[in-house]
Number of protein chains: 2
Amino acid sequence: MSSASGFQPVPRESTSSLITRQLREGIMRGALPAGTQLSEVALAAEFGVSRGPLREAMQRLVQEGLVRSELNRGLFVKELDEAEIRDLYLTRTAIETTAARAVAHSEAVIPGTERLRARAAAMAAAAAAGDLEALADADFAFHEELVSLAGSPRLHRVHETLMVETRMCMTALQGTYFDPEDQVAEHSRIVEAIASGDDAALVREIEEHMQEALDRLVRASR
Amino acid sequence: MSSASGFQPVPRESTSSLITRQLREGIMRGALPAGTQLSEVALAAEFGVSRGPLREAMQRLVQEGLVRSELNRGLFVKELDEAEIRDLYLTRTAIETTAARAVAHSEAVIPGTERLRARAAAMAAAAAAGDLEALADADFAFHEELVSLAGSPRLHRVHETLMVETRMCMTALQGTYFDPEDQVAEHSRIVEAIASGDDAALVREIEEHMQEALDRLVRASR
DNA sequence: TATCTCCGGATTGTTGACAATCTTCACAGG
DNA sequence: CCTGTGAAGATTGTCAACAATCCGGAGATA
């Protein structure tokens, strides 16, 4: 059998894994707002499985920190107060600066920056069109791409959770207005800093971007 | 009811949580070496519970990345090749530099550095006594303390997993000899950098320390 | 001999039922 | 009016049995 046939391993996935993904999506999109109790029977019925696999999925989310477990009481979607939001952005900064530096020093800087420029362009387009939802999506795609390019499974796994939490915040504050142009400009500066290979500038740009984003969120939440 | 009574909430904990902790300990200490299959029935019997809670604990470890799941095949303790070890230290650097900077800029720098100095002193004592096991323990306690002092739940949770993986590596390479004095000196330099409040120096010290530790590990594993 | 088929044993995946716990509400007593 | 008691209802925690899947080897066939 040729190994050059280009076949990929069959993407079989456990039920609990599939459920976890859907629940995460629900938490992210606001279908399961912060604080809601997650009823096992109700969710199990909705997913069409028994409580076993569903409970396994729940434990994953608990480990991820997206869900809080109270013994004999139930599971609740975690709520984010201001201190938590600050912690979230502190951690995002840690992960993303490291990722960006890894990209900047990797052999694939050129195609990497190219892809990031494309993401930034998508943001600009959404901003120009005044489509705030598309802008948010493009924003997320940018950061997701950035960390993916670093090629670090650990940074990526941690970042995935952080992005869910970020989106949770933004969903909760939906309707508040941010200046799109600022956001677009900040992302462009990050890309160019990566391209330049200047570590100090790079770190500074990301830290500033995170600080700005955090300020926008905190301001909106009061 | 006074809220200043100093009582803490009763530390009730779910069974799956307790099992998770024990399994993690086992993986860390080498009782469950990398690559071993984790038999559900055997482990459930050992813990004296049924397979339900045990499976929930397993899913937590999968989410943590310490255990790999093959559908209909079983669960295996994750193995770390050289690339994984590099990724591990990359991520540790990201977390610990951020934590150290947070400590350096916090209001509690003074007591913080004091506690870290105590940890470093414990390392020095173990090194002087030639007790390599105690040295490793003190080493871990130092890094654990460093991240705890940052007061960031996210950094702490991520770091916990990373330290388990680190210990896994070191357990696997048990018997190899490292120069204790170097290690002690590196940690002392980190503490003093925190005390000095010089961010650049701080980051440099931690990055160098991680690079050294990584080199020691990689060298020993070949 | 090489290959294919099939079967037995073992392990995981899933389920429904049972036990334990918590919450809520009504109600009696001070 | 407030406090304590108790039972009903609902929810979570746990278990043991059943179903599905995988692995290895014996045996048949060319």
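Throughout, protein chains are lettered first and strands after them, A, B, ... in sequence-line order, and every chain is numbered starting at 1.
Using a 4.0 Å heavy-atom cutoff across all strands shown, A:Ser39 reaches sugar-phosphate atoms only and no base atom.
Salt-bridge formation is not detected for the pair A:Asp137/A:Arg119: no Lys NZ or Arg NE/NH1/NH2 atom is positioned less than 4.0 Å from an Asp or Glu carboxylate oxygen. No salt bridge links A:Arg86 with A:Glu84; every basic N to acidic carboxylate O contact stays at or beyond 4.0 Å.
The closest side-chain donor-acceptor pair between B:Ser148 and B:Glu144 falls under 3.5 angstrom.
Atom P of nucleotide C:dT15 and atom CD of A:Glu40 are separated by 14 Å, given to the nearest angstrom.
Around the CD atom of A:Glu46, the shell of radius 6.0 Å holds no more than 12 heavy atoms that belong to other residues, nucleotides or ligands.
Contacts between residues 43-65 of chain B and DNA chain C, defined by a heavy-atom separation below 4.0 Å, involve B:Arg51, B:Arg55, listed by number.
Note on ring orientation: taking the six-membered ring where Trp is involved, the planes of B:His209 and B:His143 are parallel (angle under 30°, cut-offs 30° and 60°).
Between the side chain of A:Thr97 and the backbone N or O of A:Thr93, at least one donor-acceptor pair lies under 3.5 Å. Between the B:Gln37 side chain and the B:Arg73 main chain, a donor and an acceptor come within less than 3.5 Å of each other. At least one donor-acceptor pair under 3.5 Å links the side chain of B:Thr171 to the backbone N or O of B:Met28.
Partner of B:Arg24 under the side chain to side chain contact (heavy atoms under 4.5 Å, CB included) criterion, out of B:Glu160, B:Arg60, B:Arg29: B:Glu160 alone.
The minimum heavy-atom distance between A:Met123 and A:Leu135, with the atom names listed, is O-CD1, 3.5 Å. Summarising the geometry of A:Lys78 relative to A:Met168, their closest heavy-atom pair is O-CE, 3.2 Å, with the distance given to 0.1 Å.
Once you apply a 4.0 Å limit to the heavy atoms of chain B, the touched nucleotides of DNA chain D run 5' to 3' over D:dT14 to D:dC23.
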Donor-acceptor contacts under 3.5 Å from residues 210-217 of chain A side chains, at least two apart:
residue, atom, partner, partner atom, Å
A:Gln211, NE2, A:Asp215, OD1, 3.3
A:Arg216, NH2, A:Glu186, OE1, 3.4

Atom pairs, protein N/O to nucleotides 21-24 of chain C N/O, distance under 3.5 Å:
residue, atom, partner, partner atom, Å
C:dT21, O3', A:Asn72, ND2, 3.3
C:dC22, OP1, B:Arg12, NH1, 2.6
C:dC22, O3', A:Arg73, NE, 3.2
C:dT23, OP1, A:Arg73, NE, 2.5
C:dT23, OP1, A:Arg73, NH1, 2.9
C:dT23, OP1, A:Arg73, NH2, 3.2

Pairs under 3.5 Å (Watson-Crick or G-U), crossing ones as [ ], inter-strand ones as |: DNA chain C comes out as ||||||||||||||||||||||||||||||
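Residues meeting the side-chain contact (heavy atoms from CB on, under 4.5 Å) test with B:Ala102, sequence neighbours left out: B:Ala150.
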